[in-house]
2 protein chains.
Amino acid sequence: MDLRRFRYFVVCAEELHFTRAARRIGIAQPPLSQQIQLLEKEVGTRLFHRLTRGVELTPAGEAFLTDARNVLDMAERAMTSARQIGRGERGSIKIGFTSSASFNPFVPGTISRFRAENPDVEVVLDENTTRVSLQNLRNGKLDIAFLRPAPGEVHDLRVQHLFHEEMRIALPASHPLANETRLKLSMLATDPFVLYPRTNGQALYDAIVAGCQNAGFSPRIVQEAPQMASTVSLVAAGVGVTLVPESMCQLQSSGVVYREIVGAKPTAALSLVQRERPPSVLTGKFSDLCRKLAIG
Amino acid sequence: MDLRRFRYFVVCAEELHFTRAARRIGIAQPPLSQQIQLLEKEVGTRLFHRLTRGVELTPAGEAFLTDARNVLDMAERAMTSARQIGRGERGSIKIGFTSSASFNPFVPGTISRFRAENPDVEVVLDENTTRVSLQNLRNGKLDIAFLRPAPGEVHDLRVQHLFHEEMRIALPASHPLANETRLKLSMLATDPFVLYPRTNGQALYDAIVAGCQNAGFSPRIVQEAPQMASTVSLVAAGVGVTLVPESMCQLQSSGVVYREIVGAKPTAALSLVQRERPPSVLTGKFSDLCRKLAIG
DNA sequence: TCTTTTCGATAGGTTTATCATATGGATTTG
DNA sequence: CAAATCCATATGATAAACCTATCGAAAAGA
């Protein structure tokens, strides 16, 4: 069952003349006759009637001709398809990000630029917590992700640092300090804090807590929300205050105001994270694009 | 582009372990590694990531796996299908017959027996004049046919004689001789005859005319009908008389009576006709069945 | 930490399969 | 009747696939 014989057969069926077919294939007539005989032996039936002037297809040969053409065609497409995927011209990439990352314009910007440059690539997006995203990177459910990981939790992954963002204070509009344009962190010492569970993303959580402690107090956390975006909603509702990366200020709401921090400010790093092991072509393309856009 | 490599690849993709895959295929590991490398070179991209413990599929490899399976499957089915057609287990046969032949129970009997014995064979039936049927046999539109040909018009075809049938006289029920059970042919000397055009089937036509001439007269043909079955309708309508093969007496009609001929009777031969050159398996099967049923 | 095991890649020699040249046999054409 | 056509066969050459032996890297076990 050799595709070469399939190809030889198709040419013979098209020419109905072994000598001419051999010329077209680029071999001599005897080996062609031989290959057809071997094919017939393998199939178990004659595919050609040998006439005194050329040959003609048997009924079995007729049927085999259409099938053989299909097989050759499909084999050709299988190779082409794999080649395209191998070159990153086609395929699929799964990109993860945390809710806080999605507010940095760089993230949606890079993704839409990638989509434009690779129209035949399926881009699957997945917003999730840092913890779950890291897990999905490790088990292959994600190819690459925009996260704010702590150094310790990504030792087995490839991390590409993108930005350091200053953090800002998010206050309820009704807060006594809401009219101040610039606040010192220590002014929040007695305020109730809204934060997300530490397990959902320890790096940012720890940066906030450490920042407070540098300012001389431990934040009093009165309420947890699953993600940073939802903590802002709780701030807007007057439940408490919180700290958010600068880019989160895009999330404007009538009940919340963002204020710059005077003095030592905690920062939030935004990184691109991917598996170390098999650097898929599309993952490579995407991270190259990120690097290019982050620099430029 | 060799199917062997496709098969090797699929086994490797299933095992994700070259050494184990090689064992399953029945070759040593080095040539298998080599064949995979050649395949990857041909496709133009890596299909496996080589890990320290076994291998894993690249995205291109994933896609190629499903395609390769399809190609192998389709190639297998192409061979099986051709084999079945070659053995006559599947396929198509086109059987022709003249209207007069179709009234001989042997013809429909043989066809339905053949259908029962070969349920996967498509049987295409075609009723036509002898002349057209012979033409269709020669140009391949028919595989085999039940006809009453003249010896001269089938020199290039294979003819298998089946039966000699006596001919009978078909009279209008209103005919003066309709009450006689047995008639001599000469008694029709002055009767008007209904016949079909000689070009539609000279053998039977000539047998009728010759029979009359042996009985001492030339039939006076007053009306032609395209086929023998339609001449009987004209007889029933009282237009004239005619001679028909014995088996046509099955075509009973209130206006027509059939009478045996006393003395020298013309006969009609029923034959199975097929092309000489490429004896297709199904044609052979069908003619074998005819021979068996004709003898038994 | 060092040894052992595992597993794919490489190297060199052997077998098998494919191809080329020369020729035969059957039929058709000039 | 000779020449040409066209597929089949025979035999020797070349290329491919395969085998055994071995390497090198990483992981598992001591």
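We name chains A, B, ... by the order of the sequence lines, and we start the count at 1 in each one. Quantities reported herein were computed from a predicted structural model and do not represent experimental measurements.
- The side chain to side chain donor-acceptor pair (under 3.5 Å) analysis of residues 8-26 of chain A, with sequence neighbours excluded, yields the pairs A:Glu14-A:Arg24, A:Glu14-A:Arg69, A:Glu15-A:Arg20, A:Glu15-A:Arg24.
- Here the CG atom belonging to B:Leu72 is positioned 12.5 Å from the CZ atom belonging to B:Arg4, to the nearest 0.5 angstrom.
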Could I get a table of every N or O pair under 3.5 Å where one atom is in the protein and the other is in nucleotides 11-14 of chain D?
none

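- Residue contacts shown for B:Tyr8 are limited to sugar-phosphate atoms, with no base heavy atom under 4.0 Å away.
- Take A:Phe6 and apply the ring pair (Phe, Tyr, Trp, His ring centres under 6.0 Å) test, not counting sequence neighbours, and it matches A:Phe64.
- A distance of 5.0 Å separates CG in A:Leu270 from CG in A:Leu162, rounded to the nearest 0.5 Å.
- Counting only residues at least two apart or on different chains, the side chain to side chain donor-acceptor pair (under 3.5 Å) pairs with a member in residues 70-81 of chain A are A:Ser81-A:Arg90.
- Atom CG of A:Leu51 and atom C1' of D:dA8 are 15 Å apart (whole Å).
- For A:Arg50, no side-chain nitrogen or oxygen approaches OP1 or OP2 of D:dC6 to under 4.0 Å.
- Applying the ring pair (Phe, Tyr, Trp, His ring centres under 6.0 Å) test to residues at least two apart or on different chains, none of the pairs has a partner in residues 70-91 of chain A.
- In this structure, A:Gln84 has no side-chain hydrogen bond (donor to acceptor under 3.5 Å, both in side chains) partners at least two apart in sequence or on a different chain.
- The interatomic distance linking A:Asp2 (CG) with D:dA16 (P) rounds to 13 Å, in whole Å.
- Heavy-atom distances under 4.0 Å link DNA chain C to B:His17, B:Phe18, B:Thr19, B:Gln29, B:Pro30 of residues 14-31 of chain B, given in residue order.
- Applying the side-chain hydrogen bond (donor to acceptor under 3.5 Å, both in side chains) rule to B:Asp2 yields no partners; only residues at least two apart in sequence or on another chain are considered.
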Report task. Dump the intermediate steps for salt bridge (Lys or Arg N to Asp or Glu O under 4.0 Å) on B:Glu117 and B:Lys285, then the final yes or no. Result -> CA-CA 10 Å; B:Glu117 284 182 6; B:Lys285 264 192 168 183; over 6 Å; no

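- Summarising the geometry, the separation between CZ on B:Arg5 and C1' on D:dC18 is reported as 13 Å, rounded to the nearest angstrom.
- In terms of the salt bridge (charged side-chain N to carboxylate O under 4.0 Å, His left out) criterion, residue partners of B:Asp143 (sequence neighbours excluded) are, by chain and number, B:Arg275.
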Query raised in the report: Nucleotide by nucleotide, 5' to 3', does protein get under 4.0 Å of the base (B), only the sugar-phosphate (S), or neither (-) in nucleotides 24-30 of chain D, counting heavy atoms?
Result: --SS---

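- The ring pair (Phe, Tyr, Trp, His ring centres under 6.0 Å) contacts involving residues 120-153 of chain A comprise A:Phe146-A:Phe286, where partners must be two or more places apart or lie in separate chains.
- Atom CD1 of B:Ile36 and atom P of D:dA17 are 13 Å apart (whole Å).
- Atoms CZ (B:Phe48) and P (C:dC7) sit 15 Å apart, rounded to a whole Å.
- In the set D:dC18, C:dT18, C:dA9, the nucleotide with an atom closest to the side chain of B:Gln35 is D:dC18.
- Within the structure, no pair that satisfies the salt bridge (Lys or Arg N to Asp or Glu O under 4.0 Å) test touches residues 26-39 of chain B, not counting sequence neighbours.
- Picking from D:dA17, C:dT18, C:dG8 the nucleotide with the shortest atom distance to the side chain of B:Val55 gives C:dG8.
- In this structure, NE2 of B:His49 is placed 18 Å from C1' of C:dC7, rounded to the nearest angstrom.
- Using a 4.0 Å cut-off, no side-chain N or O of B:Ser33 falls inside it from OP1 or OP2 of C:dG8.
- Residue A:Leu39 contributes atom CG, which lies 16 Å from atom P of C:dA17 at whole-angstrom precision.
- The distance from atom NZ of B:Lys41 to atom C1' of D:dA16 is 14 Å, rounded to the nearest whole Å.
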